[in-house]
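Accompanying notes for the structure given below.
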Amino acid sequence: MTSDPSTAGPDAEPENPSAAERPALPAAVALLVADVGAEPLDEQVPAGVVVLAGVPTAAVTSLAEVAGAEVGVWEMTPGTVTDVEADEVFVVLSGRATLGVEGGATLELGPGSVVRLPEGARTTWTVTETLRKVYVTPRG
């Protein structure tokens, strides 16, 4: 008996199913922001509780609420301020700063730095190059 080369044998790779044949996946939600590293921010906010040096300004944009947490982008221009933090995790997108945590570490921040700040932490931010970060904090 000869086999027909046009007929797939038992060890043949299955063909890719068409979109209609694939199982349905849960819908995804995309945050459509052209460039969170450069996009203008919506709201001017105080740079900190007390300005110690310079004339820093700050701005923020809330991007989404996910599972009871706010995700947004925050930016501060050069200067030094003190602040009392909300519970937060952030990733620095651009800029440079030193972050002093009262009773704790002093951190050098730059692109790619990932930091968690507990609620109530007293901090001193010394921004030397406009700092932009993406943050996640509980809504409240």
Side-chain angles (χ1 to χ4, degrees):
M1 175 178 236
T2 59
S3 64
D4 179 353
S6 65
T7 305
D11 295 329
E13 292 287 321
E15 290 186 32
N16 289 331
S18 69
E21 298 170 322
R22 279 180 264 185
L25 298 174
V29 176
L31 298 176
L32 299 178
V33 177
D35 180 355
V36 294
E39 192 74 16
L41 303 181
D42 293 336
E43 180 183 354
Q44 293 296 311
V45 294
V49 174
V50 176
V51 174
L52 300 176
V55 189
T57 61
V60 66
T61 293
S62 181
L63 297 176
E65 186 171 323
V66 178
E70 178 183 350
V71 178
V73 179
W74 177 90
E75 178 178 273
M76 183 178 142
T77 62
T80 302
V81 300
T82 65
D83 205 1
V84 178
E85 301 300 331
D87 194 19
E88 171 184 4
V89 172
F90 67 84
V91 178
V92 175
L93 298 173
S94 60
R96 299 257 173 228
T98 300
L99 173 61
V101 180
E102 187 177 280
T106 297
L107 307 171
E108 294 297 323
L109 304 178
S113 296
V114 179
V115 178
R116 179 181 182 270
L117 294 171
E119 184 172 1
R122 296 182 182 283
T123 57
T124 301
W125 294 79
T126 302
V127 175
T128 55
E129 182 182 311
T130 298
L131 189 79
R132 185 173 280 221
K133 66 182 183 177
V134 171
Y135 66 85
V136 178
T137 188
R139 272 283 211 214

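Both backbone and side-chain heavy atoms feed into the values below; hydrogens, waters and symmetry mates do not.
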*Cluster link Leu52 to Val49, ILVMFWY, side chain under 4.5 Å*: yes
When every non-hydrogen atom of Thr137 is compared with those of Ala86, the smallest separation belongs to OG1-CB, 4.0 Å
Taking every heavy atom of Pro46 against every heavy atom of Ala58, the minimum-distance pair comes out as O-CB, 3.9 Å
Contacts satisfying salt bridge (charged side-chain N to carboxylate O under 4.0 Å, His left out) that involve residues 71-81 (not counting sequence neighbours) are Glu75-Arg132
Residue pairs passing the salt bridge (charged side-chain N to carboxylate O under 4.0 Å, His left out) test with at least one member in residues 81-110, sequence neighbours excluded, are Asp87-Arg116, Glu88-Lys133
Here the side chain to side chain donor-acceptor pair (under 3.5 Å) pairs for residues 56-68, sequence neighbours left out, are Thr57-Thr77, Ser62-Glu70, Glu65-Arg139
key: Side-chain touch Leu93/Pro111, heavy atoms, less than 4.5 angstrom   = no
Across all chains, not counting sequence neighbours, the side-chain contact (heavy atoms from CB on, under 4.5 Å) partners of Thr126 are Thr80, Thr98, Thr124
Apart from Trp125 itself, members of its ILVMFWY cluster (side-chain separation under 4.5 Å) are Val45, Val51, Val60, Trp74, Met76, Val81, Phe90, Val92, Leu99, Val101, Leu107, Leu109, Val115, Leu117, Val127, Leu131, Tyr135
